[in-house]
Amino acid sequence: MWKIVPYAILQSILLTGGQVFLKFALSKMPPFAWTRDFWLSILTNWQFAACGLFFGAASLLWMYIVKVFPFSSAYPMVSLSYVFGILAAILFFHEEVSMIKWFGVAFIVIGCLLIAK
């Protein structure tokens, strides 16, 4: 079942990339409103487009994973996106991560390794 791990890592990286681009896009947009200006700001925001591309690629890879691997192994692997999310928070948003969160990350990784075994 170890064959799922590279696919799960890539899919989680794509999901995390989509979330990172979404956060960047939203930070440049005006507050939500049902106005022409708001919707134009979405259409002209390249980070929002990148977010959609990352989410689309993650969805296509997810379709492959679910088709090929048992769901009981595939679905828990999505939690790897939390691991990459913590790393993205540090790298892109300069957030500090407490030791307790690192323990949580370790539990997630250990759980995924046990499931993949």
Side-chain angles (χ1 to χ4, degrees):
M1 195 46 64
W2 287 102
K3 291 179 181 182
I4 195 173
V5 173
Y7 294 109
I9 289 172
L10 179 57
Q11 200 262 350
S12 294
I13 289 171
L14 290 168
L15 280 175
T16 304
Q19 295 292 354
V20 167
F21 276 114
L22 180 61
K23 181 144 177 87
F24 280 136
L26 292 172
S27 71
K28 293 184 176 187
M29 291 172 56
F32 182 85
W34 293 102
T35 64
R36 182 177 159 276
D37 289 338
F38 175 79
W39 295 104
L40 283 176
S41 73
I42 289 176
L43 297 175
T44 59
N45 188 325
W46 71 268
Q47 285 127 337
F48 193 75
C51 160
L53 291 174
F54 272 75
F55 284 146
S59 295
L60 291 173
L61 183 53
W62 178 243
M63 289 167 42
Y64 172 79
I65 291 169
V66 170
K67 174 77 173 161
V68 172
F69 298 100
F71 194 72
S72 62
S73 296
Y75 195 70
M77 292 294 174
V78 175
S79 64
L80 288 173
S81 64
Y82 298 129
V83 175
F84 292 112
I86 290 274
L87 297 174
I90 294 167
L91 184 64
F92 298 110
F93 306 113
H94 312 290
E95 296 179 15
E96 290 189 27
V97 177
S98 67
M99 188 56 70
I100 196 76
K101 289 180 183 176
W102 285 116
F103 282 122
V105 166
F107 285 128
I108 291 169
V109 171
I110 290 167
C112 288
L113 291 174
L114 291 172
I115 288 168
K117 189 173 179 182

Given Val78 and Leu15, is the side-chain contact (heavy atoms from CB on, under 4.5 Å) satisfied, shown in steps? CA-CA 9 Å; Val78 175; Leu15 280 175; 4.2 Å; yes
Side chain to side chain contact (heavy atoms under 4.5 Å, CB included) partner of Gln11, the single match among Leu61, Leu80, Leu60: Leu61
Can you get from [X] to [Y] by hopping between Ile, Leu, Val, Met, Phe, Trp and Tyr side chains that sit under 4.5 Å apart?
X      : Y      : answer
Leu53  : Met63  : no
Ile100 : Ile110 : no
Leu91  : Val97  : no
Phe103 : Val105 : yes
Trp2   : Ile115 : yes

Are any non-hydrogen side-chain atoms of Ile9 and Phe84 less than 4.5 angstrom apart? yes
Report yes if some heavy atom in the side chain of Leu113 is under 4.5 Å from a heavy atom in the side chain of Val109; otherwise report no. yes
Determine the minimum heavy-atom distance between [X] and [Y], stating which atoms define it.
X     : Y      : value
Met29 : Ala25  : CG-O, 3.2 Å
Pro76 : Ser73  : CD-O, 3.6 Å
Ala88 : Val20  : CB-CG2, 3.6 Å
Ala58 : Leu14  : CB-CB, 3.7 Å
Val5  : Ala116 : CG2-CB, 3.7 Å

Do the ring planes of Phe21 and Phe54 sit parallel (below 30°), tilted (30 to 60°) or perpendicular (above 60°)?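 The rings of Phe21 and Phe54 sit tilted, inter-plane angle from 30° to 60°.
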Should the ring pair Trp39 and Phe32 be called parallel, tilted or perpendicular, given that the plane angle runs from 0 to 90° and is split at 30 and 60? perpendicular
All ring-ring contact (aromatic ring centres under 6.0 Å, His included) counterparts of Tyr75, not counting sequence neighbours: Phe71
Sequence neighbours excluded, the answer for ring-ring contact (aromatic ring centres under 6.0 Å, His included) partners of Phe92 is none
Take Lys28 and Asn45, measure what side-chain contact (heavy atoms from CB on, under 4.5 Å) needs, and give me the verdict at the end. CA-CA 8 Å; Lys28 293 184 176 187; Asn45 188 325; 4.2 Å; yes
Quickly, which of Trp46, Phe93, Phe48 forms a ring-ring contact (aromatic ring centres under 6.0 Å, His included) with Phe24? Name it, please.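 So the option named by the test is Phe93.
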Begin from the C-alpha positions of Leu26 and Leu22 and carry the test side-chain contact (heavy atoms from CB on, under 4.5 Å) through to its verdict. CA-CA 6 Å; Leu26 292 172; Leu22 180 61; 3.9 Å; yes
About how many Å separate [atom2] of [Y] and [atom1] of [X], when rounded to the nearest 0.5 Å?
X     : Y      : atom1 : atom2 : result
Ile42 : Asp37  : CD1   : CG    : 12.0 Å
Met77 : Cys112 : CE    : SG    : 5.0 Å
Ile90 : Glu95  : CD1   : CD    : 8.5 Å
Ser81 : Gln19  : OG    : CD    : 8.0 Å

Using the rule given for side-chain contact (heavy atoms from CB on, under 4.5 Å), can you reason through Tyr82 versus Ile86, listing the C-alpha separation, both sets of side-chain angles and the distance that settles it, and then say yes or no? CA-CA 6 Å; Tyr82 298 129; Ile86 290 274; 5.8 Å; no
Around Phe38, counting heavy atoms of other residues, nucleotides and ligands shown, do more than 12 lie under 6.0 Å from its CZ?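 Yes, because the 6.0 Å sphere around CZ of Phe38 holds more than 12 heavy atoms from other groups.
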Counting only heavy atoms not in Leu40 (residues, nucleotides, ligands), do more than 12 fall under 6.0 Å from its CG?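 For Leu40, atom CG is crowded (more than 12 foreign heavy atoms under 6.0 Å).
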